[in-house]
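Shown next, in structure tokens, is the structure this report addresses.
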Amino acid sequence: MEPEKENSGTLINSAIADESKFEYKRILTGDRPTGPLHLGHYAGSLKNRIRLQDRYETFILIADIQALTTNFEHPEKLKENIFLVALDYLSAGIDPNLSTIVIQSMIPEISELTTFFSMLVSVNLLKHNPTIKTEAKERGYKELTYGFLGYPVSQTADIAIFKADLVPVGIDQLPHIEIARKIVRKFNELYCGKLIEPFALIGKFPRLVGLDGNLKMSKYYGNAINLSDDFDSIKIKIRSALTDKNRIHPADKGNPDICTIYSYHMAFSDETLVNETGYNCRNGKIGCVKCKENLFAVIKNLLEPMNERRARYLNNKDEIWDIMLTGTKKARLTAIETIKEVKESMKILYAPE
Ligand code: ATP
Ligand code: MG
């Protein structure tokens with residue numbers, strides 16, 4: 001299930017979308033409302049969604065049920081977190097006229113489909129899912145709940161219920177898309193169904209490392225720069241980020257390949273600055289302090305327009321709930337249609353609806 005790598009570092013995997021080859025129609029993507037969105041979300045997935053929202057019909061799911069897979073002890077936090085994620089979307093440039101924002105738990109048909117799909121996947125396959133294994137290890141879980149293990153099954157239902165063919169995600173989600181393809185294929189084979197096998201669209205920076213330079217950027221690991229952070233905190237966070245430890249003086253020759261800041265330059269700076277930074281670091285012509293200041297300027301530039309939109313939306317909080325509820329209502333019509341077709345395929349539509 002591990003993606004293969006070409007020499008160039010380009011990923012080849014049959015679950016990965018090839019934008020040049022296929023004519024895709026509908027995007028489904030989303031985030032778990034477990035806290036504010038960060039630069040990792042942006043680089044891995046959100047940027048692609050913003051880029052593609054005028055080309056494809058886009059559904060963005062705020063996956064509150066999936067948030068419970070790890071945060072079941074605090075369901076009372078979901079409502080506020082849902083609001084914050086929607087605010088992050090709109091601030092980042094998701095246009096509610098182009099993208100439909102949906103609250104997962106308000107579409108009960110997703111849960112229904114999750115149950116049907118759960119019969120089509122072995123516990124073994126779910127247990128060997130590398131993403132779940134990594135996450136369980138990093139979170140120190142000794143025992144996995146049924147819901148945590150079944151997270152990819154629920155995700156398959158999210159995608160299938162909206163008949164999406166394209167799923168912009170970070171690389172950690174690729175094994176889940178592979179599972180989704182397997183489940184859908186099995187459904188179609190068994191029941192002569194017409195569900196769609198989705199492809200993953202992986203962002204240019206599929207796994208942004210956290211400020212610690214070790215784990216992936218994650219709110220859970222406390223190593224993230226949030227889209228909503230103020231500039232003073234961002235400056236402090238960038239200053240604290242791990243660089244090439246062997247470099248003591250600005251004139252020491254550095255290795256950008258092991259530097260967190262350089263990886264952020266690659267994700268967010270323009271090509272000229274990336275090349276300059278790499279060259280200057282290797283040749284001891286720029287110190288880490290200056291390099292971090294350059295990065296701060298780039299991040300500030302990226303976030304400034306987001307902050308303007310954020311301020312506008314914060315003046316009108318009801319509008320955010322309106323956008324979500326209108327989106328959810330619209331999306332539910334599609335979900336109802338799909339679940340009817342699913343039941344027809346399974347020959348369990350007992351009475352006309
Ligand atoms: P966190 O750990 O910060 O709570 P998460 O992994 O729970 O984040 P999800 O809601 O599961 O966040 O992921 C939403 C999307 O963002 C997924 O497509 C995921 O691949 C992507 N993503 C999350 N973190 C990163 C990262 N550090 N780099 C690239 N993509 C990421
Ligand atoms: Mg995750």
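Quick caveat: nothing in here was measured; it's all calculated off a predicted structure. Atoms within each ligand, like the ligands themselves, are counted from 1 in listed order.
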Geometric N/O contact Ser45 with ligand 1, under 3.5 angstrom: no

Side chain to side chain, Leu46 and Leu227, heavy atoms closer than 4.5 Å: yes

Side chain to side chain, Lys317 and Phe83, heavy atoms closer than 4.5 Å: yes

Closest to atom 26 (C) of ligand 1 (judged by heavy-atom distance), picking from Ala67, Ala267, Gly40: Gly40

Check: Tyr220/Glu135 side-chain N/O donor and acceptor closer than 3.5 Å: no

Proximal ligand 1 atoms for Met217, defined as those under 4.0 Å from one of its heavy atoms: 24 (N), 26 (C), 27 (N)

Backbone or side-chain N or O of Arg139 under 3.5 Å from ligand 1 N or O: no

Close-contact set for ligand 1 against Val169 heavy atoms, below 4.0 Å: 18 (O)

Within 6.0 Å of OH in Tyr279, more than 12 heavy atoms from elsewhere: no

Phe59 and Phe162 aromatic ring geometry - parallel, tilted or perpendicular at 30°/60° bounds: parallel

Stacked cation flag Arg181 on Phe199, 6.0 angstrom / 45 deg: yes

Sub-4.0 Å atoms of ligand 1 with respect to non-hydrogen atoms of Leu208: 26 (C), 27 (N), 28 (N), 29 (C)

Ile65 reachable from Ile159 in the ILVMFWY side-chain graph, under 4.5 Å edges: no

Contact check: Pro168 vs ligand 1, nitrogen or oxygen atoms, below 3.5 angstrom: no

Arg32: numbered ligand 1 atoms lying under 4.0 Å from its heavy atoms: 7 (O), 10 (O), 11 (O)

Name of the residue among Glu112, Glu109, Glu337 meeting salt bridge (Lys or Arg N to Asp or Glu O under 4.0 Å) with Lys343: Glu112

For ligand 1, the portion of His38 having any non-hydrogen atom under 4.0 Å away: side chain

Arg247 vs Cys259, side chain to side chain contact (heavy atoms under 4.5 Å, CB included): CA-CA, chis, key distance, verdict: CA-CA 10 Å; Arg247 246 186 134 200; Cys259 174; over 6 Å; no

Sub-3.5 Å N/O-N/O distance, Ile171 and ligand 1: no

Donor on one side chain, acceptor on other, Gln53 and Asp95, under 3.5 Å: no

Numbered atoms and elements of ligand 1 in range of Gly30, under 4.0 angstrom, heavy atoms: 14 (C)

Under 3.5 Å side-chain donor-acceptor pair for Asn214 and Tyr221: no

Thr34 and ligand 1 - part of the residue with a heavy-atom distance under 4.0 Å: side chain

Numbered atoms and elements of ligand 1 in range of Asp172, under 4.0 angstrom, heavy atoms: 19 (C), 20 (O)

Nearest-option assignment for atom 3 (O) of ligand 1, heavy atoms, candidates Lys216, Lys219, Gln66: Lys219

Tyr151 contact mode with ligand 1 (heavy-atom cut-off under 4.0 Å): side chain

Option of least heavy-atom distance to atom 18 (O) of ligand 1 (set: Gly210, Gly170, Ala200): Gly170

Where ligand 1 meets Arg207 - atom numbers and elements under 4.0 angstrom, heavy-atom basis: 28 (N), 29 (C)

